[in-house]
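A quick write-up on the structure given underneath.
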Amino acid sequence: MASSISSQHDQVLVEVKSFARILTLNRPKQLNALSLHMISRLLELFIAYEEDPNVKLVILKGKGRAFCTGGDVAAVVHDIRTGGWRAGANHFMKGYTLNYLMATYSKPQVSLLNGIVMGGGNGASMHGRFRVATENSLFAMPETAVGLFPDVGASFFLSRLPGFFGEYVGLTGARLDGAEMLACGLATHFVPSAKLPMLEAALCAVDSGDPEIISSIIGRYSEQPSLKEQSVYNRLDVIDRCFSQNTVEEILSALIRVGRFQGVGPCLVREYRMVCHVLRGEFSNDFLEGYRAILLDKDKNPKWEPSKLELVTDTKVDRYFSKVNNEDGEDLKLPVRSKFNLPPYVVAKL
Amino acid sequence: MDRAYQRTRILTNHLIPNSPAQTVCLTSNECLSYSPPELSEKYAFDVGEMRRLMDGHDVEERDRLFGLIIQSKLFNPRVRGGKVFVSPDYNQSMEQQREMTWKRIEYLSERGVFRGWMTGKGEDVEMKRFACFEVLGLFDHSISIKLGVHFFLWGGAIQFFGTKHHHDKWLRDTENYLIKGCFAMTELGHGSNVRGIETVTTYDSNTGEFIINTPCESAQKYWIGGAAKHATHTIVFSQLNINGTNEGVHALIAQIRDADGNVCPNIRIADCGHKIGLNGVDNGRIWFDNVRVPRENLLNSVADVSPDGKYLSSIKDPDQRFAAFLSPLTAGRVNIAVNAVYQSKVGLAIAIRYALTRRAFSLKANEPEVLLLDYPSHQRRLLPLLAKIYAMSFAANYLKMLYVKRTPQSNKTIHVVSSSFKATITWSNMQILQECREACGGQGLKTENRVGHLKAEHDVQSTFEGDNNILMQQVSKALFAEYVAAQKRNKVFKGLGLEHMNKPCPVIPSQLTSTTLRCSQFQMDALCLRERELLNRFVADVSQCLARGESKEHSFNTNYQLAEDLGKAFSDQAIFQTFVEAEATLAAGSLKDVLGMVRSLYALTCLEDVTYLRYGYLSVDNAAAVRGEITKLCSELRPHALALVSSFGIPDAFLSPIAFNWVDANSWSSVQH
């Protein structure tokens, strides 16, 4: 995993265009998977831009055919093996802090999701004010497949999708296209990929950070795509009926159900507690087993523990939500946001 | 020459702008902006733990039901200030509101929310049902009442007045809403006095049928929830005349509509009309014109009529029979008492959150205006009510437990405690909602801000399921009976929380320090002292009347003022007892410390009641010390106000826009969308 210093610097490209800043995730060979360096760099940039009166708008996009496929799981596993669970947890601590900053940012962020956007890639985009899907978008929260859970603030943004669609998406790791993302609210706009360069230019030309103005500019290039006939979104009534049941006694549905009633900060604090339990392998080795089966050996046959839903008890759910019981165990400390003039749509998320 | 130079200079300045513009402009104060209380207030204790203590049970079931309501379009979700709120559209017509209430019930039924409510047995089922009602009551009173009538009244009557063949025939269909039940007890001329109702039922031994009849206009059934539009079946309460003898009030089942919704023959139904609130409930009036029902439709757990027309009952005394008959209806009364707690919680959560973000007047020029809740007067208005609702919350949990663990021996206690708590809590609810409305000023008048509207919706609580005044009289009568029974037992008091009367009379110190005032033993002593003295006095005065040859009823009526004071003393003491017991379950820590302050504030507010000075249980100096301590406690609890209302566990969507960003909720852009 060693990369030279110079290539690390290139992982996030920065363009200054008048009052806008265009950030490009630049690891196309890894489908822009977020390394710890990229997360740190994004944090640095976002913090600086908030204080800088010359920045009114941040645009985020990805190089190549993906926006971002998520966190660099292999790097996390490597860090756990060499530095202990805390070294792995560091990725998540920084990542969730970035998610919180984006969710409570006092300036608008426009993410151009022209390709795969999964896992940590959603953490870097869904919390921003504007999410632009295209005909190339492919969304998923696939964490359950690797023995993790939908994190990066998903307990906040999935729980607020219509009906019980959030439970469905989080539990199954279902994939959604651009039209579906727009229909359920994960995307705020849909713009054909051919028009993206014009959209970027228009956003940079306008010199404004007013969300109303930005929305109307994106609106000028937007379209209303129709859902495919077999789209799962056409079967919302079935999804609601199934995923509203309380017989799905999993930690995951509890995660989304509880997240529905909380602000984005408390959601991220709870997810951090859960991820610490996962990384410490306290209750099972599912995370390392998932990494092995899906990403390393690629046999796609993970041996989960417990192996069946019925064996998951309620007390297990409570333990995942509790603070790590250890001198090392600390809650995620999120930055104080009160000194910034937070716009109303941010205040509503607290 | 000077003048020319001056003129030239002036003209030069006009033509060549040189010096930087001196910005001497009139700056107004920065615009008022909304800052959420979460950013400035701190939580000193675990709000989740306090919530679990206050809700007491079924937290996950509650959250599931909250989720079902929030995520469905049927519950009228609206976005205000970037947040979603759910609350019925009270601007709809009466007909539309009734239809929506019914649609919501269907939705919940399909989602399996009512599974086991009639066919399940055991404490867990009953507690879960209470929890569901508490959640539904937070959304809307009408849906709560419709379901309460169907499950607690109709369903409860089948369960408790009926026998096996009734259970087998009706309970499953009730649970699945294949039939819709209602409960015809009250008449135009008789509400509180159930034994005086005028509907008459006779028996035809030739056909094996009962004949139910409304003999005059005052006998029409009135306020029958569900009857005006939807109900298919009803429990009918009626005098039972068998072989020329009036055997008293009994209950039968009658069908009033067929499956297509047409009113059955010999039944007339009219609408009670528009009400000041609760227009989602279709209250109806029913006339029975010699309606014939099969003999099996008599609910016969207490008494029966044989096929050849003989009246049979294992209980010979008609008074006892009537009491046995009505005692199972306590579940409805318990449900109302515990629900009222949650409506007060909504009012207080809204008013206190608003007071943490609304400012008025600066203390000094150029300073920001002061938050409402930073004024001692505002604290004094709201924080004692917050303490009261904490107390009532623990009392409600105690009442639920008492009810689900009922035995034949505990029936009398349940009757007295439920009467006392229902009256006290629902009266409190009205007081709290009124104060909360006023504390929100003009915003309290907007229906969508909920706090003002809740008052009218819940006003009925003080007079249905037992008029509060009548219920409190029952309390004093029961205490009188207990006293007389104790005399016979050599003065040993057992039951109804009167055990403190066996100990020596507590003494109130003449000097009341802060430490004493906050000590739970002192607080308990003061409450017990009042109850003890008032009970002694009441018994003495009633006994005097009896000794003069007056009837028991007349003696009680004459001493109604003492009876009222005694009833209140009993309630305050009983409620306080539940608070102390809940507090004792906590381990030492910040949660327990804060709860202790809340408990003291509640107790001292009870000691401010006029009876303490009226009868001299506290001196004027004592009363001043109490008053001063209350003010101190209010300021000490001020920093915990947000945490204390967040502990109610009410999702944001069930509060209202003024509890959040009320500036953005009223912005011009929100008008345009």
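Chain letters run A, B, ... following the sequence lines, proteins first, then strands; residues in each count from 1.
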Open item on the list: I need the residue from D652(B), L68(B), V84(B) with the largest number of non-hydrogen atom pairs under 4.5 Å to chain A.
Closed with: L68(B)
Open item on the list: Once you measure the plane-to-plane angle for F130(A) and H189(A), does it fall in the parallel (<30°), tilted (30-60°) or perpendicular (>60°) bin?
Closed with: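 Tilted.
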- [ ] Could you tell me the separation between the CD atom of E110(B) and the OH atom of Y177(B), rounded to the nearest 0.5 Å?
- [x]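 One gets 13.0 Å once the value is rounded to the nearest 0.5 Å.
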TODO: Determine the sole option in W117(B), F114(B), Y342(B) for which the ring-ring contact (aromatic ring centres under 6.0 Å, His included) test with F133(B) is passed.
DONE: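 Of the listed residues W117(B), F114(B), Y342(B), the ring-ring contact (aromatic ring centres under 6.0 Å, His included) partner of F133(B) is W117(B).
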Open item on the list: Does any backbone or side-chain atom of D63(B) lie under 4.5 Å from a heavy atom of chain A? Answer side chain, backbone, both or neither.
Closed with: both
Task: Distance under 6.0 Å and angle within 45° of ring axis: R129(A) vs Y345(A) - done: yes
TODO: Tell me, for R260(A) versus chain B, whether the close heavy atoms (under 4.5 Å) come from the side chain, the backbone, both or neither.
DONE: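 The answer is the side chain of R260(A).
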TODO: Can you tell which part of P344(A) gets under 4.5 Å to a heavy atom of chain B, answering side chain, backbone, both or neither?
DONE: both
